[in-house]
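To start, the structure under review is shown below, and the notes come after it.
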Amino acid sequence: MNILPAAFYQRPTLTIARELLGKTFFRHFGGRLLSGRIVEVEAYHQSGDESSHSFRGRGTRNDVMFHAGGQLYVYFTYGMHFCMNVVTEKEGVGAAVLIRALEPLEGIDLMRLHRGEEKRDRDLASGPAKLCQAFGIGREENGLALDGTLVGIADAPKIPSHGIIITPRVGISRSRELPWRFFLADSPWVSSGRPSRPI
DNA sequence: CAGTCGATGTACT
DNA sequence: GTACATCGACTGG
């Protein structure tokens with residue numbers, strides 16, 4: 001297994017967002033391995049992106065987003081959900097890629113235990129808060145290095161551009177015009193019910 | 001299928 | 001107070 005090195009993450013955020021599609025996110029959980037193929041992401045950047053948590057500067061909540069690329073940025077939202085980002089760029093920049101959907105690969109029984117026994121496979125990780133629940137990601141995982149010790153992303157062949165759909169991001173009100181959502185065109189595992197109109 | 005809406009903690013005006 | 005990078009339950013067609 002080829003784990004993406006820190007240098008992979010310390011590059012332009014939009015490039016990384018696109019390249020993360022098709023790669024495998026994994027985490028160790030209680031002696032088990034949980035993994036999923038990344039099928040949907042969104043980019044967030046400090047400069048020119050009013051919807052980014054980093055737009056108004058560095059603080060206690062978003063501090064990890066300003067770290068050097070290669071860590072997890074996990075935040076709590078809507079009073080009950082966690083969302084997981086991959087921090088990008090150099091120390092001090094304030095950018096990240098939100099993981100919006102995963103295709104479950106290993107540890108599906110454990111994911112279902114976390115999500116609810118009645119859930120269908122397609123409801124296990126087809127949304128940013130769903131996948132955090134399935135993988136047991138919360139406050140404790142904020143700032144973890146993606147070096148493969150506890151969490152990491154394994155490399156996979158590059159997805160050709162015709163296999164990727166680019167749209168505006170989901171669930172934001174500011175900077176809506178930016179086409180910074182990327183997902184696999186033929187994947188049944190992406191989050192549903194929201195803008196899927198290609199640009 | 002699509003649309004609406006309540007839940008519920010935290011940061012910000 | 002209000003907004004929030006969401007989800008699931010519910011409604012009507």
Side-chain angles (χ1 to χ4, degrees), chain A residues 9 13-14 16-18 20-21 25 36 38-67 69 71-89 93-104 111-144 146 151 153 165-184 188-197 199:
Chain A
Y9 301 98
T13 305
L14 290 174
I16 295 167
R18 193 198 174 294
L20 281 175
L21 292 177
F25 172 79
I38 299 171
V39 297
E40 178 180 350
V41 298
E42 285 176 358
Y44 288 86
H45 204 283
Q46 182 181 27
S47 63
D49 180 6
E50 292 188 73
S51 71
S52 175
H53 290 172
S54 57
F55 185 70
R56 291 171 205 292
R58 195 165 181 167
T60 50
R61 180 206 201 194
N62 63 6
D63 189 68
V64 172
M65 210 172 159
F66 288 82
H67 289 191
Q71 300 186 10
L72 282 188
Y73 165 52
V74 181
Y75 67 88
F76 182 68
T77 190
Y78 288 106
M80 62 186 82
H81 298 302
F82 291 97
C83 294
M84 178 183 86
N85 296 253
V86 168
V87 178
T88 58
E89 312 265 357
V93 174
V97 175
L98 172 72
I99 308 299
R100 282 198 56 89
L102 296 169
E103 172 185 343
M111 294 183 202
R112 184 169 280 110
L113 194 63
H114 291 156
R115 288 277 299 137
E117 293 294 337
E118 78 288 359
K119 291 284 190 292
R120 302 170 304 168
D121 284 357
R122 277 198 327 214
D123 289 325
L124 292 178
S126 56
K130 294 180 190 176
L131 69 89
C132 280
Q133 190 181 16
F135 280 69
I137 303 284
R139 284 184 180 81
E140 310 279 308
E141 285 68 36
N142 187 36
L144 279 187
L146 287 160
V151 294
I153 299 177
I165 296 179
I166 305 174
T167 74
R169 293 169 294 179
V170 172
I172 57 168
S173 54
R174 296 169 293 174
S175 297
R176 288 180 113 135
E177 70 284 359
L178 298 174
W180 287 2
R181 177 192 185 209
F182 303 79
F183 63 94
L184 294 184
W189 304 99
V190 300
S191 67
S192 60
R194 309 217 210 227
S196 53
R197 173 175 50 88
I199 292 294

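Proteins get letters first, then strands, A, B, ... in listed order; numbering begins at 1 in each. Worth saying up front: this structure is predicted, and the values here are computed from it rather than measured.
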Legend entry - Per-nucleotide pairing state of DNA chain C [Watson-Crick or G-U, under 3.5 Å; [ ] pseudoknot-crossing; | other strand]: ||||.|||||||.

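The residue Arg176(A) sits apart from the nucleic acid: no heavy atom pair falls under 4.0 Å. Within the 4.0 angstrom heavy-atom criterion, base atoms lie near Met65(A).
Between dC7(C), dT6(C), dG9(B), one nucleotide has an atom nearer to the side chain of Arg115(A) than all others, and that is dC7(C). For Tyr78(A), whose side chain is taken as the heavy atoms from C-beta onward, the closest listed nucleotide among dA5(C), dG8(C), dT6(C) is dT6(C). Listed nucleotides: dG8(C), dT6(C), dA5(C). Nearest to the side chain of Ala129(A): dT6(C).
If you take CD of Glu42(A) and P of dA5(C), they are 10 Å apart, rounded to a whole angstrom. With rounding to whole Å, Phe82(A) atom CZ is found 12 Å from dG9(B) atom P. The nearest whole Å value for the distance from the CD atom in Gln133(A) to the P atom in dT8(B) is 15 Å. Straight-line distance from the CZ atom of Phe76(A) to the C1' atom of dA5(C): 14 Å, rounded to whole Å. Protein atom NE2 of His53(A) is 9 Å distant from nucleotide atom P of dT6(C), rounded to whole Å. Atoms CE (Met80(A)) and C1' (dG6(B)) sit 8 Å apart, rounded to a whole Å.
Ring orientation note: the planes of Tyr73(A) and His53(A) are nearly perpendicular, at an angle over 60° on the 30°/60° scale. Taking the six-membered ring for Trp and thresholds of 30 and 60 degrees, Phe76(A) and Phe82(A) have ring planes inclined between 30 and 60 degrees apart.
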Under 3.5 Å, which protein N or O atoms sit close to an N or O of nucleotides 11-13 of chain B? Give each pair with its distance.
none

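Looking at Ser52(A) and Gln46(A), their side chains never bring a donor and an acceptor atom within 3.5 Å of each other.
Here the side chains of Arg169(A) and Asp49(A) are in contact, with some heavy-atom distance below 4.5 Å. Side-chain contact check for Phe135(A) versus Ile99(A): every heavy-atom pair is 4.5 Å or farther apart. Looking at Phe66(A) and Ser54(A), their side chains come closer than 4.5 Å, going by heavy atoms from C-beta outward. Between Asn85(A) and Tyr75(A), the closest side-chain pair of non-hydrogen atoms falls below 4.5 Å. Within the 4.5 Å cutoff, no side-chain heavy atoms of Val86(A) are placed close to those of Phe25(A).
Dashed line: the shortest gap from a side-chain N or O of Thr77(A) to OP1 or OP2 of dG9(B) is not under 4.0 Å.
When the nearest nucleotides of DNA chain B are assigned to His81(A) and Arg139(A) by heavy-atom distance, the more 5′-ward of the two goes with His81(A). Checking Glu118(A) against Ile172(A), the closest nucleotide of DNA chain C that is more toward the 5' end is the one next to Ile172(A).
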Inset, instruction - Give the C-alpha distance, both sets of side-chain angles, the deciding distance and a yes or no for salt bridge (charged side-chain N to carboxylate O under 4.0 Å, His left out) between Arg112(A) and Asp121(A). - result: CA-CA 8 Å; Arg112(A) 184 169 280 110; Asp121(A) 284 357; 2.3 Å; yes

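Side-chain N or O atoms of Glu40(A) include one that pairs as donor or acceptor with a backbone N or O of Ser191(A) at under 3.5 Å.
Evaluation of Tyr44(A) against the base of dA5(C) yields a stacking contact (centre distance < 5.5 Å, interplanar angle < 30°).
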